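So the structure is just underneath, and the comments pick up after that.
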Amino acid sequence: MNEAAFASPAEADLVDTLRCESTPIVSLVGAENEIVVGHILFTPATLDGQPRLRLMGLGPMAVAPSHQRRGIGSALVRAGIDACAAIGTEAVVVLGHPSFYPRFGFAPSHRFGIGCEFDAPPEVFMVLELAPRALHGVSGTVHYHAAFKGV
Ligand SMILES: CC(C)(COP(=O)(O)OP(=O)(O)OC[C@H]1O[C@@H](n2cnc3c(N)ncnc32)[C@H](O)[C@@H]1OP(=O)(O)O)[C@@H](O)C(=O)NCCC(=O)NCCS
């Protein structure tokens, strides 16, 4: 699925690595007539100085090109957020398109004083609190699994 949706196999390889090396993970597929048409992955991330904060990073996410823009990606994001909440996740971060993720409640992380380890425009790194005030009084840089650096 990831190979089909992205221009290179890098994201698919990243998913393989994260599935082996990250715990816990939330990994969901969307299916139509028992055929997989989408996938979303959430893996742990860390915020500087907050080792107890239960933070998950959204991504990669992929929907089959033939099935994009039908709401499958949105359904995966919503189901993934619910699954993260169910395992006690306090906040979710995402590096993604600023017109897509705010509809799920994500807000630019810089409003919380939180940044990203990657060189990206500030509006594309977003955060969603799942536990009330989980990010109150915290700040710093979020770090993903090292495998993200290769993508
Ligand atoms: C991004 C992706 C997962 C969205 O899945 P989807 O099933 O098409 O999404 P939905 O149908 O739920 O929502 C469509 C919305 O996503 C937006 N969208 C889709 N791809 C987008 C992109 N590359 N950039 C910005 N917005 C995008 C559309 O503008 C649309 O918004 P609208 O409802 O205002 O028109 C899918 O397009 C995809 O797999 N793209 C290639 C891989 C990728 O870029 N993954 C995300 C980065 S990890």
Side-chain angles (χ1 to χ4, degrees), residues 1-48 53-112 114-131 134-135 140-151:
M1 186 53 48
N2 286 277
E3 286 180 357
F6 289 99
S8 88
E11 284 79 7
D13 292 344
L14 173 62
V15 170
D16 283 343
T17 300
L18 293 171
R19 280 164 54 88
C20 289
E21 297 186 1
S22 291
T23 186
I25 66 167
V26 169
S27 178
L28 303 176
V29 295
E32 187 179 85
N33 299 324
E34 300 186 15
I35 309 272
V36 171
V37 293
H39 174 251
I40 193 166
L41 185 66
F42 297 76
T43 53
T46 57
L47 178 62
D48 282 341
L53 178 67
R54 285 181 281 179
L55 190 61
M56 295 285 269
L58 187 169
M61 169 169 71
V63 171
S66 58
H67 286 68
Q68 291 176 5
R69 301 205 165 218
R70 295 192 202 170
I72 295 167
S74 297
L76 286 168
V77 172
R78 291 197 176 94
I81 289 169
D82 287 349
C84 285
I87 61 168
T89 301
E90 295 171 286
V92 178
V93 291
V94 66
L95 191 62
H97 203 280
S99 71
F100 184 57
Y101 291 99
R103 67 189 71 179
F104 311 106
F106 284 91
S109 69
H110 60 76
R111 290 190 198 160
F112 295 85
I114 292 171
C116 170
E117 64 181 314
F118 304 113
D119 185 20
E123 66 275 13
V124 308
F125 190 58
M126 291 164 272
V127 64
L128 171 66
E129 278 183 313
L130 299 184
L135 301 176
T141 301
V142 169
H143 301 272
Y144 285 81
H145 187 287
F148 278 90
K149 292 193 175 76
V151 177

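Quantities reported herein were computed from a predicted structural model and do not represent experimental measurements. Start at 1 and go down the list; that is how both ligands and their atoms are numbered. Note that these values count all heavy atoms, side chains included, but never hydrogens, waters or copies made by symmetry.
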Does some side-chain heavy atom of [Y] sit less than 4.5 Å from a side-chain heavy atom of [X]?
X: Y144; Y: F118; value: yes
X: L58; Y: Y101; value: yes
X: F148; Y: L95; value: no
X: I81; Y: V26; value: no

Side-chain (E90) to main-chain (A131) donor-acceptor, under 3.5 angstrom: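 No.
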
Please tabulate protein-ligand N/O pairs under 3.5 Å for ligand 1, atom names and distances to 0.1 Å.
| unit_1 | atom_1 | unit_2 | atom_2 | d |
| --- | --- | --- | --- | --- |
| ligand 1 | 7 (O) | G73 | N | 2.7 |
| ligand 1 | 8 (O) | R69 | N | 2.6 |
| ligand 1 | 11 (O) | R69 | N | 3.4 |
| ligand 1 | 11 (O) | R70 | N | 3.1 |
| ligand 1 | 11 (O) | G71 | N | 2.7 |
| ligand 1 | 12 (O) | S74 | N | 2.8 |
| ligand 1 | 12 (O) | S74 | OG | 2.6 |
| ligand 1 | 29 (O) | R69 | NH2 | 3.3 |
| ligand 1 | 31 (O) | R103 | NH2 | 3.4 |
| ligand 1 | 33 (O) | R103 | NH1 | 3.0 |
| ligand 1 | 34 (O) | R103 | NH2 | 3.2 |
| ligand 1 | 37 (O) | Q68 | OE1 | 3.4 |
| ligand 1 | 39 (O) | V63 | N | 2.8 |
| ligand 1 | 39 (O) | V63 | O | 3.4 |
| ligand 1 | 39 (O) | Q68 | NE2 | 3.4 |
| ligand 1 | 45 (N) | M61 | O | 2.9 |

Would you call the rings of F100 and F104 parallel, tilted or perpendicular if under 30° counts as parallel and over 60° as perpendicular?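 Aromatic pair F100/F104 classed perpendicular.
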
